[in-house]
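What follows is one structure encoded as structure tokens, with my remarks underneath.
Basis for what follows: all heavy atoms, side chains included, without hydrogens, waters or symmetry-related copies. Every value quoted in this text rests on a predicted model; they were computed, and no experiment measured them.
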Amino acid sequence: MASHFDSVDPKVDFVAKEEEILKWWDDNDIPARYRKLNDDKEKKYSFIDGPITANNAMGVHHAWGRTYKDLFLRFRNMQGYKQRFQNGFDGQGLWIEVEVEKEMGFKSKRDIEAFGVGKFVEECRKRVDRFAERISNQSQRLGYFMDWDNSYHTKSDENNYTIWHFLKTCADKGWIYKGRDVMPWCPRCGTGLSQHEIVTEGYQDITHDSPYLKFPLIDDGHEGENLLVWTTTPWTLAANVAAAVNPEYTYAKVEDRGSVIYFSKSLLESLKKDHVLTGEAKVLGEVKGSELVGLRYKAPFDELPAQDEVRDQHRVLSWDEVGEDEGTGIVHTAPGAGAEDFKLGNENGLTPIAPLDQNGIYKEGFGEFTGKSAADVKDMVFESLKEKDLLVRVNKYTHRYPVCWRCSTELVFRLVDEWFINMDEIRPKMQKATNEMNWYPEFGKARELDWLKNMQDWMISKKRYYGLALPIYACDCGNFDVIGSSEELKERAVEGWEEFEAAGASPHRPWIDGVKIACSDCGETVSRIEDVGNAWLDAGIVPFSTIGYKSDPEYWKEWFPADWISESFPGQFRNWFYSLIVMAAVLEDSMPAKNVFAYALMRDENGEEMHKSKGNAIWFEDAAEKMGVDVMRWTYSRHNPASNLNFGYKTGDEVRRQFIIPLWNIYSFFTTYANLDDWTPDDCVIPSSFGFTPDGEQNGFESWTMPEGEGFSELDRWILSELNQLTQKMTDNLESWQLPYAAGGVEQFVEDLSNWYVRRSRRRFWKTEGDKDKNAAYSTLYTCLTTLSRLLAPFTPFFADIMYRNLVAERIDDAPDSVHLTSWPKANASLVDEDVMNQTRLAIRLASLGRSARAQSRLKVRQPLGEFVAEVRHDWEHFALAKIENVLKEELNVKSVIDASEMGGLLGFEIKPNLRVLGPKYGKQIDEIRNAIQAADANEIARASEAGETISIGSFELEADEVLIERVALENYAVATDAGYAGAVLTVVSDELKAEGTAREVVRVIQNLRKSSGLKISDRINLWISCSDDVTGALMTHADYIAEETLADNVDIGAVLSDDAQGVAASESLDLDDGNKVTVNLEKA
RNA sequence: GGGCCUGUAGCUCAGCUGGUUAGAGCGCUACUCUGAUAAAGUAGAGGUCGGAUGUUCGAGUCAUCCCAGGCCCA
């Protein structure tokens, strides 16, 4: 025997409830039982988690992505798929190093070296472990059911060695090579930065001293002539090799300050304005850029030993990238100190000079600059140029310049050796895989393909400490070996293996660096290169390393490729998605995952980007405490993932008010009345709707047919139809990753349930006798709520379980303990009744129009009116109108409902062509018909159309259904229209109606008085009403109605208050619209 | 310069395969209902659907071009 429901307070602290449930889950081992639910199932759904960087606490943007992951995992679990539930942590790479450096107060790589690389790496690991635990806890607060004791770590040996295997595979194909490139470099951190690191937050507006200087030409016939050159990086001048002009431009030859100089003609005026030229500058002639190409010049620091190799290479190059928006139209080119310069130099066979070491200090061969920092030499440069009479002018120049994203040091460009994977042969495989994958949103595929089209070789090395130890052993002889596994290393080790093993054999710096091998070519002892790996290697290998690619190939085959992955898309096309695709292409010529579910970026409530430094970022813990996790999760779930999400406490409040609280109110309403009536699930006449097994086999609701004679009403039929349609649509939408549609469907359903089903059914629950009608209402509402709790389980796991536990688990013996142990509901198609849904939709629409019409005429709903006239659009709606007549009468408090088409005499007509029918038939003649209709007699057309006769309009013979007839307002009616529908109320109020209105008004006052006097809903009362004579009659007529509505045993109505009422405390007066006054007194009977 | 996305009410966004009078939430104003009340409902104002051209009987929706913004690449 089921017991009463726990009472549900409409005033609820959701956050406290969530914490209670969380504890209950923990105490009862729900997450683990949930994960094991499908252990014996055949069908699998493989999710590979994109690792979260275990480097800081979670922000709400992390919660966004993790909500998606949890949501789809839960959905598939309820559907009975076996899953792995493995979370992943990213815990290697520069990100971690940066935070540890901050923690330790380190300023540069030298500090790390001084501290000891081994100790530093240990600190990094500790930080990762610390935050992995923190994030695990926070994720559990989010309701994320993962196998938290079994998370994978990219810092694990397995992960690192699997990358070795990948690199070895590449090396065997000859794809690994050492290359030189000029890259952005932070002199403080002593490392290169990838393009990605600069893009994110790596630019600042910086003002530099920017010199204009002369490059003297030395060819015969050009003696005394100079190129005018401009640069924003004076320190690169010592590494100058060439100058570049645009061959298409016209260059001016100008005499100024006693020198002859060349520059782009179009810049003449702006150079004067900037005081680079004097007002006296004299144009001597002009030449095409192409004519300058090949001229030789003397570079400003030709005397330096470093220039020895390139002194005879100084000449003018042709480069169509040269612009004339700023500068001089002649570009100083230092291939060893600029990225574009390097490329241009390569194309022209120049020798790059690399002036700086890893700390940004000039190397040997740069004279007085040697030993100085690039940042400090600009004045020395200017002095030297002045002495040589090469300096024309120094101006301040403000521009966006790249800085290090962690220490804000201005970046330099350095020529360095790095290791690359040649992508030429991998690219087609990647393109094929990308095409085979399903991308959500769909444009993801186009973006990834675009990236692949343009991608260059993958630079995999990084000159840092804590990361993948690249297993590359480069010998001085020019040969290099790549090691593919721990076993291979052991076999080939010639020294250091024992020490390495003793230290734990973890393939990390510094321990790994002690192991040396013999060069496979010359036999010399070789050390590992010092570089560590690009962090995306760590994340990309995950679909192999975490599911036993090397250790358990059979298991791996079961779970690869993943059925789905999910991550935020803006960065991941070139990061995680990219590295996943590379590795799957190289190792298996396969796609890594079948479905990619990606989402955009989070903004604050005002649409601004969230930044910790800006102060508008929200920590997950704060949000969980203030708004609650269900609210957060619902906000995420209802959003279109392809567009950015504006998120904040206000949006949270909105979601709570619009969705969570209304649903809670329904739940509260249900339990309140069910308890009053001693209604329990035992009384439910709809079979178990909670899915006792994950595959739903015992879910009787899915094949139930609504019995006759059990009291089910049209309203029940309707909401159960909506419920089953919702179930079907939710299933379809979730299977096709259409989250906003799924969530939107629930919102619409809850609104229908609240504002139509429950409101229209209230009297069924209130009434005192417990008949079949009442039981059908309880059964229906109970089924709606219990089904909703399961549909919502993946979305709002807390709320869903709160409802489920109270309504089901704690009432029914063999029901699963938690909603998360139930199955996904199956729709009962036989209960989906399009007709009843359309009818109700029409009733809702017309009721709304009726209320609108009432509002216009300022007639309260309490005041009964004579007629409501409805104008509908479709044939079937005329029939439907008869069926919803009673509903409309009640909703609108009217005596009759009339189809407007039946009262042609009362309403005016407007005739319109039915374009949907006429369009295809008459084509271009439509306009003619339109005009003819305008000119014709509307009443006659309407009559003919109603009668189904052929209508003659001008030269056309139209069928009855080829015109549309609308009615317009007439006297004594207030009309409201919407989308072709209209509703009108007759605004004339008879005495009889007025009396009824008064009675209802009085009832309202009595009900308020009951409430304010603290009476229970079921208490009976005695009632005395005093009022003027002309109201007395009205009230007497409706005395029975008043008594019934207010549970009054005795009703005394009169002009004078009877003696019995003297001293009765509860009393209230009411002023009627017509000036009459009514006073009500009551006491408990 | 190339690729992708976006442009609909003051703000944030829906509008599926082209079809009669383009919707919601928020905000604002007014009102109503209140034994679900930390609610709910109704109305009002507010839109030449970024612009142009084309296809079509008919375009917010399809095509082409242009403009603006965002992201990616060069």
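Nearest-nucleotide positions on RNA chain B place A:Asp13 closer to the 5' end than the other of A:Trp451 and A:Asp13. Taking the nucleotide of RNA chain B with the nearest heavy atom to each of A:Arg603 and A:Glu751, the more 5' of the two is matched to A:Glu751.
Here A:Lys650 does not pair with A:Asp653 in a salt bridge; the nearest charged N to carboxylate O distance is not below 4.0 Å.
Listed pair A:Arg574 / B:C73 meets the phosphate criterion, a side-chain N or O lying under 4.0 Å from OP1 or OP2.
At the heavy-atom level, A:Gln658 lies under 4.0 Å from the strands shown only through sugar-phosphate atoms. Looking at heavy-atom distances under 4.0 Å, A:Gln456 makes contact with sugar-phosphate atoms alone, never a base.
Judged by distance alone, with hydrogens and angles left aside, A:Arg851 brings no side-chain donor or acceptor close enough to the base of B:A43 to form a pair under 3.5 Å.
Look at the P atom in both B:G51 and B:C11: the space between them is 15 Å, to the nearest Å. Rounded to the nearest Å, the gap between the P atom of B:C67 and that of B:U12 is 24 Å. Nucleotides B:G35 and B:U17, compared at atom P, are 46 Å apart to the nearest Å. Taking atom P on both nucleotides, B:A22 is separated from B:A59 by 14 Å, rounded to a whole Å. Across the P atoms, B:G58 and B:G18 are found 15 Å apart, a figure rounded to whole Å. Nucleotides B:G50 and B:C33 are separated by 41 Å at their P atoms, to the nearest Å. Distance check on atom C1': B:U61 versus B:G15 gives 9 Å, rounded to whole Å. Comparing the P positions of B:G7 and B:C16 gives a spacing of 12 Å, expressed to the nearest Å.
With rounding to the nearest 0.5 angstrom, the CG atom of A:Asn755 is 5.5 Å from the CD atom of A:Glu751.
Pairing for B:U53 goes to B:A63, judged as Watson-Crick or G-U wobble with the two contacts each under 3.5 Å. B:C4 is paired with B:G70 under the Watson-Crick or G-U wobble criterion, all donor-acceptor distances under 3.5 Å. Across all strands shown, B:A45 forms no Watson-Crick or G-U wobble pair with both distances under 3.5 Å. With both pairing distances under 3.5 Å, B:A40 is matched to B:U32 as a Watson-Crick or G-U wobble pair.
Here the P atom of nucleotide B:C71 and the CD atom of A:Glu448 are 19 Å apart, to the nearest Å. Per the geometry, CH2 belonging to A:Trp576 stands 20 Å off C1' belonging to B:C72, to the nearest Å. Taking atom CD of residue A:Gln738 and atom C1' of nucleotide B:A14, one finds them 14 Å apart after rounding to whole Å. Regarding A:Leu846, its CG atom lies at a distance of 14 Å from the P atom of B:U42, rounded to whole Å. Per the geometry, CD1 belonging to A:Ile1006 stands 14 Å off C1' belonging to B:G35, to the nearest Å. A:Asn646 has its CG atom 14 Å from the C1' atom of B:G70, to the nearest Å. Atom CG of A:Asn640 and atom P of B:U12 are 15 Å apart (whole Å). Atom-to-atom, CZ of A:Phe573 to P of B:C73 comes out at 12 Å; the value is rounded to the nearest Å.
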Legend entry - Heavy-atom protein contacts under 4.0 Å, nucleotides 1-9 of chain B, coded B base, S sugar-phosphate only, - none: -BSBS----

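Below 30°, between 30° and 60°, or above 60°: for A:Tyr667 and A:Trp664 the angle between ring planes is above 60°, a perpendicular geometry. Classified by interplanar angle (parallel below 30°, tilted 30° to 60°, perpendicular above 60°), the ring pair A:Trp439/A:Phe577 is perpendicular. Using the six-membered ring where Trp is involved, A:Phe765 and A:Tyr673 have ring planes that are tilted, between 30° and 60° apart. Classification of the A:Tyr599-A:Trp64 ring pair by plane angle, with boundaries at 30° and 60°, yields tilted.
Less than 4.0 Å separates RNA chain B from at least one heavy atom of each of the following residues of residues 752-760 of chain A: A:Ser754, A:Asn755, A:Val758, A:Arg759.
Under the 3.5 Å distance criterion, with hydrogens and angles disregarded, no donor-acceptor pair is assigned to the side chains of A:Tyr757 and A:Asp752. In this structure, a donor-acceptor pair under 3.5 Å is absent between the side chains of A:Gln572 and A:Trp536. Side chain to side chain, A:Gln728 and A:Asp732 meet the donor-acceptor criterion of an N or O pair below 3.5 Å. In this model, no donor atom of one side chain and acceptor atom of the other lie less than 3.5 Å apart for A:Arg603 and A:Asn616.
In terms of heavy atoms, A:Pro740 sits closest to A:Arg638 at CB-O, 3.7 Å. Pairing each heavy atom of A:Ser637 with each of A:Leu739, the nearest pair is O-CG, 3.6 Å.
Side-chain atoms of A:Arg657 lie closest to B:C26 of the nucleotides B:C26, B:A14, B:A43. The side chain of A:Tyr741 sits closest to B:G15 out of B:A38, B:A14, B:G15. Checking B:A36, B:A74, B:U12 against every side-chain atom of A:Lys343, the shortest atom distance belongs to B:A74.
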